[in-house]
Chemist: 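Handing you a structure now.
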Amino acid sequence: MTQTNRLSSGGRVNRAKTVKFTFDGKTYEGFEGDTLSSALLANNVHLVGRSFKYHRPRGVLTAGSEEPNAIVQLGEGNRTEPNCRTPMVELYDGLKATAQNCWPSVNFDIGGINNKLSRFFPAGFYYKTFMWPKGMWEKYEHVIRASAGMGNAPSENDPDTYATKHVHCDVLVAGGGVSGLAAALTAGRTGARVILAEEHAEFGGQLLSDADATIDGKPAMEWVEATLAELRSMEEVTILPRTTVTAYYDHNFLSALERVTDHLGHGNGGDLPRQRFWQIRAKQVVLAQGAIERPMLFGDNDRPGVMLASAVRTYINRFGVLPGKNVVVFTNNDSAYATAIDAHKAGAKVTIVDIRENPAGAWVEKAKALSIQIHTNMAVIGTTGYRKVTGVDIMPLTADGKGVTGQSQRIDADIVAMSSGWNPMISLFSQGRGKLRYDEKLTSFVPDHCQWANISVGAGNGEFTLEGCLSQGLAAGSKAAQDAGFGDGVVPPTPAAPEDAQGDMRILWYIPSDRPLGRGRKHFHEFQNDSTVADIHLAEREGFVSVEHLKRYTTTGMGTDQGKTSNVNAIAIMSQIRDVKIPMVGTTTFRPPYTPLTFGAAAGHAVGELFLQKRKTAMHPTHEEMGAVYEDVGDWKRPRYFPKDGEDMHAAVQRECKQVRETVGMMDASTLGKIDIQGPDAAEFLNMIYTNAWLKLGVGKARYGLMCNEHGMVFDDGVTTRLGENHFHMTTTTGGAGRVANWLEEWLQTEWPEMKVYCTSVTEQWAVSSLNGPKSRELLAELTDIDLDPENFKFMEMREGHVAGVPARVYRISFTGEIAYEINVPHRYGKHVWDALIEAGKKYDLVLYGTESMHVLRAEKGFIIAGQDTDGSVTPMDLDMSWIVGKNKPDFLGRRSFARSDTSRPGRKQLVGILTEDPNVVLPEGAHVVETVKDRPPMDMLGHISSSYMSPNVGRSIAMGLIKDGFNRKGQTLSVPLMDGSVHKVTITDPIFFDKEGERTRG
Amino acid sequence: MANHIVKVSPLDGLAKPAGSNVSLEERRFLGKVTLRGNPENKDFLSKVKDVLGVDLPLTPLTYVAGGAYTVHWVGPDEWMIHTQEDGEHALVLALREALEGIHSQVVDVSDYYVVMRLSGPAAREVLAKGSPLDFHPRAFRAGMVSGTRYANATIQISQLDDQPSYDVQVRWSFAEYLWNYFVEAAREFG
Amino acid sequence: MLLIECPWCGERDQTEFTCHGEAHIVRPKNPDELTDEQWGDYVFFRSNPKGLHKERWVHDHGCRRWFNVVRHTHTDIVYGSYKPGEPAPEVSEEALKGGKK
Amino acid sequence: MIMKKYSIFSLLRNSMSYHENWQKNWRSPDPKSEYDVIIVGGGGHGLATAYYLAKECGITNVAVIEKGWIGGGNTGRNTTIVRSNYLWDESAAIYEHAMKLWEGLSQELNYNVMFSQRGLLHLAHNVHDLQEIGRRGNAIHFNGIDSEFLTPAQVKEMVPLINLNCRYPVLGALLQRRGGNARHDAVAWGYARAADAMGVDIIQNCEVTGFNIENGVVKGVETTRGSIKGKKVGVVTAGHSGVMAEMAGFRLPIESFPLQAMVSEPLKPCINTVIMSGAVHVYISQSDKGELVVGAGSDNFVSYSQRGSFDMIDHIISPMVELFPFTSRLRMMRQWGGIVDVTIDRSPIVSKTPVENLYFNCGWGTGGFKCTPGSGHVFAHSLANGEMHPIAQPFSMNRFNTGALIDEGAAAAVAH
Ligand SMILES: Cc1cc2nc3c(=O)[nH]c(=O)nc-3n(C[C@H](O)[C@H](O)[C@H](O)COP(=O)(O)OP(=O)(O)OC[C@H]3O[C@@H](n4cnc5c(N)ncnc54)[C@H](O)[C@@H]3O)c2cc1C
Ligand SMILES: NC(=O)c1ccc[n+]([C@@H]2O[C@H](COP(=O)([O-])OP(=O)(O)OC[C@H]3O[C@@H](n4cnc5c(N)ncnc54)[C@H](O)[C@@H]3O)[C@@H](O)[C@H]2O)c1
Ligand SMILES: Cc1cc2nc3c(=O)[nH]c(=O)nc-3n(C[C@H](O)[C@H](O)[C@H](O)COP(=O)(O)O)c2cc1C
Ligand SMILES: [Zn+2]
């Protein structure tokens, strides 16, 4: 019983190659070239899934990416993929698909009960209930969530790879039907760079489904082949099958998703990426997306077996599959007659139900000539069958088409092929800010004008004749190329493609039934989200009149198909209810992506190790050897501490800190930002940038500075050294390096261009080994030719010379309060010098320490860390650093802000030291200080602990914090209540806990 | 001691592209000097030329290769000079001396940046994966240089020939990331 | 996704740049002479128009130069770039109305 | 104008009559010539203001004037995160005020706004983050608001599909259990319905094009449907606040940026809390309908285009896949943008203005949905009394002159 619906010949599938696949656990066969849809239909499988809300049986509706119903879970385990549209899944051997939204099976789905209860679940029912008892919502929500959703997310990591690609082109053609091919052809011939993207595996669009079309007297597909062959021969033309143009952003930036290896089957792509995400900047865009057929809105029009007429035709002609034996074609226009005729030729019993009173013309004659029965002025009032359509009931329409009258008649049917006209695919145009126009004749929206350079052609532009499509395509290709600077704009003659003319449509947006709307069968306009015509009436009744409210109230158009088949119908129904013209109702906004876009593809290679750079210094290999534990500071990996046999962080840090002050310690300070500043106005410039004075700094001397933004708040700090009269070397915090460099450039380039100053960032030029501790001088002396005599090389000075045989700049600056040297060498020598210092340091008991110990050591000295002890709301005065604010400078950045009433107010939060009563208690950073402890919150808080450590050198815990009116509170005893309920008494102190006079540094 | 000096590069020990369509080499320790100055100052231009032996490129996005130096336009008042390993020291001194009294900046950035050479038939494809710059021969050719972005890295890229070969300059601390990105990006091209 | 013309490097993808807000906000020469309101106005208040906007961009990933751009904040059409110190390009009524770029 | 009550019984009853007897949620009246209070902007905040004016201040001669459809601004396009775990006392006060109102909102409005207190996690990925959540968690706690610290293991338990070992490993988290999300559209609709029932005129498709100001006092507004007199005017136009201020003759310390969001295709439940990560830069939750709702930062250029650039979307997908590798094979279904009105300190402006009787409620930027009830409540009281409600006082425009900023941006990187 395999492939019972497969025709004995015809179609574009490769019958020589059988492909096995499973659906819902059952194994089937199809052919190479099939889609999952066509293969299922070939096997007479119509029930493919269950609907979102009512869990109604659903089957294949379309043959394209607009499919709202037949969406399945593909694959298993780490390659499972939910919500796959079966017409877009190319069949491969071993494909596994499962029906979604049903349990235990698609055939028997418990959730189907929802359908029985559906009258209680109209649109928006959940807004009206589940409110009582008050606490119960959580429970209701749990049930709602479990029954909503569609497929299952994988729970394992994706084993596949993805790639991105940036490209530039002169002309991007979206859509590879006849119109797009024609456009690509004329554009390509000019030598312009052309990209032609087609969502399907094959080019040709509707022509693939049309066995009779001819171009220049030959089968139309020959023209397609010839055109493709010519395009392939053009060097500057890129042809992309299986590539969906997903979005049209500003300035003609478009994205496209190429499914590179999906069709080969899971895991068969080798080194190729699974999908490739194209980011395209196009000078000109030709939109040739074609048109999508509209469903008819009749009773129970969602049964498996009810399909778009054009889709039925596609399955017959393109795949050699006749989806059923009894085909009822239900239409309001001539295009579906082609389906009737092709189905008839393929051996089906065909009946046409046409709502038009007197359809006439060539197409009708052709059908009649084949003795196809045509019921005119008749409506399908409903379908029979549950899991699969078994028949239709038809009744004559009243004259105004608003009702039915007379006798109902039943026709056996296993397929209903419906058409109520065509909607040009205007999504990309519209995403690209194109303005739409409603075309009364076509009864659909068509492109009007757009601010970006694009041309819409073919069925997507409302042109439904083959010759018209060819001619628009050819013209658009030349025009687009010419506008991009290629070719002369001359358009070749349009090849002849005669067709029988099509007659007019009869528009009945809603097909009446024998029972009033909402009381009998459901008329679905939106299949995926189970939204019915009655729901639109309900929405209007309740005031959700605007199309945007309609959408959100009924969820119409919000499914994975984004309303491709439903939008225009919904708008039209609303216009009828409101009795206004369709354009008055308007459309909802088209948004990217055109069809859903794989997240992994958008991420491309930027996953895992390539997600974000890990910046490392030259010393990193040694850090690894030494067993460093790292801290992420910005993108840098900085050693946080160096644990020794089994030490935890606390133990390691206590040891490191103690040893630094006893012997000597070394830290990798390479990540600090560094900027080389040169020019006659450099000192003047620093005077504006920093709060303190710079003009008088001597050459070879260094100075600490604070930077404020114009709000007067501290945002970075660091030491800057005068290397020469006009030459400075600035350092910044690790995290602030980029910000400060930009800050300097901004002021120089935009505000003070007359200042003669150049800045160049040199952060990684210099690897920095920072030696700290009483033995640092002795240690360094072993490796350097610089005179380290403290009389000659004083604190806050810089000397050049050699260290460990390489040229070095040594700065005598300290963040620990010890004798300290920051040894800067070209980065390539960083490891060499570091290793040499380790080696030489052995006899001095050198200890390596990381950022954590650095934090403790500086806190012992009351030095701040910008970003930890400041938070963007702190002035230098708040830090008790008025000494660093140049009193005699007329101006510097942020200065004026200090005088504002709030900024100059007493009692602001101020940085102070905080000592716990119990010296063993280390307060958690972030804890808050209060005056009065209450039984429970709320309590008035005075401020928080910004830094807090156990200090081995002070021999107790120490902390700093920003406390309201802190300077006046020194000596006060306050409390720190913790979240666990404990309370600690603290005293407010000066924040310098160690070597208050600073003797060690200068020593 | 001096003969035991070990130099390290962030690219030490990293794997190269496996296939034959993309080749990736480090231009180890190339000398690099940033020069800034006013291009409208004729004195500046001629003094610089005296040192470099070539005119500073004043046309945006171009570079000139002289004997010892390749001079890249970086911005309207900024150039990047490449020279052989350790050549930067003499160059910095020479430039500073020549430009004494002329407002300018000469900075040794040999270790701030790392340069890698990316070449081979699929080199363009690799670049297209991470950079929004147009590398099509109509837009970017041998003799051109530009600052741009590759994924998260800021790069300077110059095209050397039509093979095509490119020199890609990136900050030291981004070099490992960029290199690995290139290697992964190249994988599919064999 | 804007296409921005760097006055030196030419048209480049938006991702090579950063925008730094409204252009031509001149730092007051004598801040001390300003009232808190006037100073606050300089630091915080912006015109934020729905229409033509002159704004500063910097070509971070390219030549690192700052420059100005005239862009319409509703259509996002860019009407031109100019170097600091240069006058902004005129935008004709016609160009505004035509809205095509 | 008696509002018919919604309940399970009314639903059953109406089912029997085929849902043909439901009432309009709100009328569509023509504007009257004069109102006691005109609210400009029919977003959540404007509608809530009108509701509380009528409900609590007894002022029912109120119009809400909306240029498009109510809820169509940021209210209808936000990622619906609701929390009150803000750092500064002033912020905590207003957001917690809102949270308390949220907790009874469905019942109060007789409209299920699907307020879901499923918990909200702020992830800490580095030492600085830990310090930040430490400080904030404590501040919140001692302001009487719930906050808890979680270990990475506890995070994993709540969010099994998370990758704790991502580029910046998860070191801990701050949890507000009472945080969560709500059905954004329903908030606008519920307030509108309840306000309408008390006599508030909700006037859609009516754009305010100017203010009538005499001697520094506002007398009413010009609209596309004629001029309307108003004794007091409250402007609640979010992204368009700058435009409105310009009409009134002053500037605001605000810039309007595109902020973007996206949803995945609908899925069976896989993420049961709201998760925010500053360092890896993504925030995510799952709607009741099943989509993953994902947000990111805003573009940094002024734009009123309500869309933003591809760049920002590009920038959230890799982080999302990094933090939640299971999303790699899932698909984005839709992306969109809103226009957010951002102040330098990331705190709102609820304030009098240089024009008498003209009040502005704006600057909510990327995070005002959560405060909809609170903002409406204090704004209504301020409008009614002519004096700013105590909770609103710190949010005056004047703070940009005095320097008394409430800098929520400085301490925490992500502001939603
Ligand atoms: C993508 C995104 C994600 C967000 N995520 C969150 C989040 O997770 N949590 C959170 O708390 N907040 C979030 N926000 C912010 C939040 O959405 C807003 O702060 C909030 O919704 C603002 O509400 P509103 O009522 O003030 O403004 P809006 O809802 O924007 O309402 C303003 C109304 O004013 C109208 N209007 C404007 N001009 C005129 C005029 N001239 N005449 C008449 N009417 C006019 C507009 O049409 C609009 O309807 C997000 C925002 C965005 C865009
Ligand atoms: N009433 C009628 O009889 C009627 C109606 C519609 C179309 N037609 C016929 O259909 C043909 C129309 O030709 P056409 O080329 O304009 O349309 P087409 O439908 O033949 O081709 C459009 C192509 O664009 C592709 N596409 C759509 N969106 C895409 C995207 N975002 N990215 C990549 N690819 C995308 C589609 O897969 C399709 O192959 C003509 O032959 C015409 O006669 C007839
Ligand atoms: C929380 C939330 C969930 C959403 N879920 C969906 C959805 O399931 N399907 C959908 O198409 N759009 C969804 N959207 C997006 C809306 O369709 C719409 O894009 C958004 O409200 C902005 O409006 P606009 O696109 O009309 O400008 C959602 C939006 C929000 C805020
Ligand atoms: Zn540039």
Side-chain angles (χ1 to χ4, degrees), chain A residues 161 163-169 193 236 260 270-273 279 281 604-606 609-610 612-621 635-636 671 676-681 726-727 756-767 783 804-807 825-832 835-836, chain B residues 1-10 12-13 18-19 28-29 32 34 36-38 77-78 88-89 96 103-114 125 127-136 138-139 151-153 171-178 180-181 184-185 187-190:
Chain A
T161 60
T164 50
K165 178 165 174 157
H166 300 262
V167 280
H168 301 253
C169 67
R193 280 198 265 168
E236 297 300 343
V260 184
D271 276 341
L272 288 175
Q279 305 183 17
R281 184 74 74 172
H605 291 303
E609 282 299 304
L610 297 179
L612 202 81
Q613 60 284 356
K614 286 183 182 148
R615 301 173 67 187
K616 297 168 191 164
T617 70
M619 292 80 129
H620 196 85
D635 310 334
W636 289 98
T671 62
D676 185 277
I677 302 173
Q678 299 184 27
D681 296 327
N726 299 334
H727 192 177
K756 288 190 166 157
V757 182
Y758 288 120
C759 301
T760 291
S761 178
V762 290
T763 300
E764 288 106 314
Q765 174 66 22
W766 301 102
L783 294 173
V806 301
V825 297
H827 220 103
R828 71 187 77 172
Y829 301 122
K831 181 170 152 44
H832 166 75
D835 290 351
Chain B
M1 198 153 45
N3 35 3
H4 295 301
I5 292 171
V6 190
K7 294 184 246 181
V8 295
S9 149
D12 288 343
R28 237 173 126 75
F29 306 127
K32 306 168 203 82
T34 286
R36 298 189 68 174
N38 180 1
D77 61 3
E78 183 169 352
E88 65 271 18
H89 307 301
R96 287 220 176 120
H103 173 43
S104 59
Q105 186 182 32
V106 179
V107 193
D108 178 2
V109 288
S110 305
D111 292 26
Y112 185 68
Y113 294 112
V114 167
E125 289 291 329
L127 290 173
K129 284 189 168 188
S131 175
L133 191 68
D134 188 355
F135 290 103
H136 189 279
R138 285 178 189 170
N152 293 331
R171 283 175 72 167
W172 172 291
S173 61
F174 281 74
E176 178 183 347
Y177 161 78
L178 184 67
N180 286 338
Y181 209 119
E184 172 60 21
R187 198 158 55 88
E188 66 166 296
F189 303 111

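Bear in mind that the values here come from a model prediction, so they are computed numbers and not experimental data. Each chain gets a letter, A, B and so on, in the order the sequences are listed, and its residues count up from 1.
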Chemist: Identify which part of B:Asp12 has an atom lying under 4.5 Å from any heavy atom of chain A, answering side chain, backbone, both or neither.
Modeler: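 Contact with chain A: none, neither part.
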Chemist: So which part of B:Phe135 gets closer than 4.5 Å to some heavy atom of chain A, the side chain, the backbone, both or neither?
Modeler: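 For B:Phe135, no heavy atom lies under 4.5 Å from chain A.
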Chemist: Could you look at A:Ile677 and say if it's the side chain, the backbone, both or neither that has a heavy atom under 4.5 Å from chain B?
Modeler: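 Contact with chain B: backbone only.
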Chemist: Any idea which of A:Arg193, A:Lys616, A:Lys614 has the most non-hydrogen atom pairs under 4.5 angstrom with chain B?
Modeler: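 The candidate making the most pairs under 4.5 Å is A:Arg193.
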Chemist: With a 4.5 angstrom heavy-atom cut-off, is it the side chain or the backbone of A:His620 that approaches chain B, or both, or neither?
Modeler: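 Neither part.
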Chemist: Under 4.5 Å, counting heavy-atom pairs only, tell me which of B:Ala175, B:Ala139, B:Ala185 racks up the most with chain A.
Modeler: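 Among the listed options, the one with the most contacts to chain A is B:Ala185.
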Chemist: Indicate yes or no for a side-chain donor-acceptor contact from A:Lys831 to the backbone of B:Val8 under 3.5 Å, with no hydrogens or angles considered.
Modeler: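 No; zero donor-acceptor contacts below 3.5 Å.
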Chemist: Does either side chain, that of B:Asp134 or that of A:His166, offer a donor lying less than 3.5 Å from an acceptor on the other one?
Modeler: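 No, no side-chain donor-acceptor contact under 3.5 Å.
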Chemist: Do the side chain of A:Gln765 and the main chain of B:Ser110 share a donor and acceptor less than 3.5 angstrom apart?
Modeler: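 At least one qualifying donor-acceptor pair exists.
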Chemist: Between A:Gly604, A:Pro807, A:Ser761, who has the most heavy-atom pairs with chain B when the cutoff is under 4.5 Å?
Modeler: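 Result: the option with the highest number of such pairs is A:Ser761.
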Chemist: B:Glu188, B:His103, B:Glu184, B:Lys129: which one forms the most heavy-atom pairs within less than 4.5 Å of chain A?
Modeler: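 Max contact count across the listed options: B:His103.
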Chemist: Taking the side chain from B:Arg96 and the backbone from B:Val106, do they hold a donor-acceptor pair closer than 3.5 Å?
Modeler: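 Checked: pair present.
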Chemist: Which distance, rounded to the nearest 0.5 Å, do you find between the CH2 of A:Trp766 and the CG of A:Asp676?
Modeler: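 A:Trp766 CH2 to A:Asp676 CG: 9.0 Å, rounded to 0.5 Å.
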Chemist: Nearest heavy-atom pair of B:Pro10 and B:Glu176: which atoms, and what distance?
Modeler: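 Scanning both residues, the minimum pair turns out to be O-CB, 4.1 Å.
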Chemist: So what's closer than 4.5 Å to chain B heavy atoms on A:Gln279: side chain, backbone, both or neither?
Modeler: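 The answer is neither part of A:Gln279.
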Chemist: Heavy-atom pairs under 4.5 Å with chain B are the metric here; pick the option from A:Ala836, A:Cys759, A:Ala618 that has the most.
Modeler: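 Highest number of heavy-atom pairs under 4.5 Å: A:Cys759.
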Chemist: Is the shortest side-chain N to carboxylate O distance from B:Arg36 to B:Asp77 below 4.0 Å?
Modeler: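 So B:Arg36 pairs with B:Asp77 through a salt bridge.
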Chemist: Among B:Ala151, B:Gly13, B:Gly190, B:Gly130, who wins on heavy-atom pairs under 4.5 Å with chain A?
Modeler: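 Option with the top pair count is B:Gly130.
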Chemist: Between A:Val260 and chain B, which part of the residue has a heavy atom less than 4.5 Å away: side chain, backbone, both or neither?
Modeler: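 Answer is neither: A:Val260 stays 4.5 Å or more from chain B.
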Chemist: Does the plane of the ring in A:His827 sit parallel, tilted or perpendicular to the ring in B:Trp172? Use 30° and 60° as the thresholds.
Modeler: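 Aromatic pair A:His827/B:Trp172 classed tilted.
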Chemist: I'd like to check A:Val825 versus A:His832 (side-chain heavy atoms, cut-off strictly below 4.5 Å). Are they in contact?
Modeler: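 Contact flag for A:Val825/A:His832 side chains = no.
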Chemist: Looking only at heavy atoms, what is the nearest atom pair of A:Tyr758 and B:Asn38, with distance?
Modeler: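 Looking at all heavy atoms of both residues, the shortest contact is OH-N, 3.5 Å.
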Chemist: Let me know if B:Leu133 has heavy atoms under 4.5 Å from chain A in its side chain, its backbone, both or neither.
Modeler: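 It is the backbone, since no side chain atom gets that close.
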Chemist: Look at B:Ser9, B:Gly19, B:Ser131, B:Ala153 and state which one has the largest set of heavy-atom pairs under 4.5 Å with chain A.
Modeler: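 Ranked by heavy-atom pairs under 4.5 Å with chain A, first place is B:Ser131.
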Chemist: Under a 4.5 Å heavy-atom cut-off, does chain B meet the side chain of A:Val167, its backbone, both or neither?
Modeler: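 Neither part.
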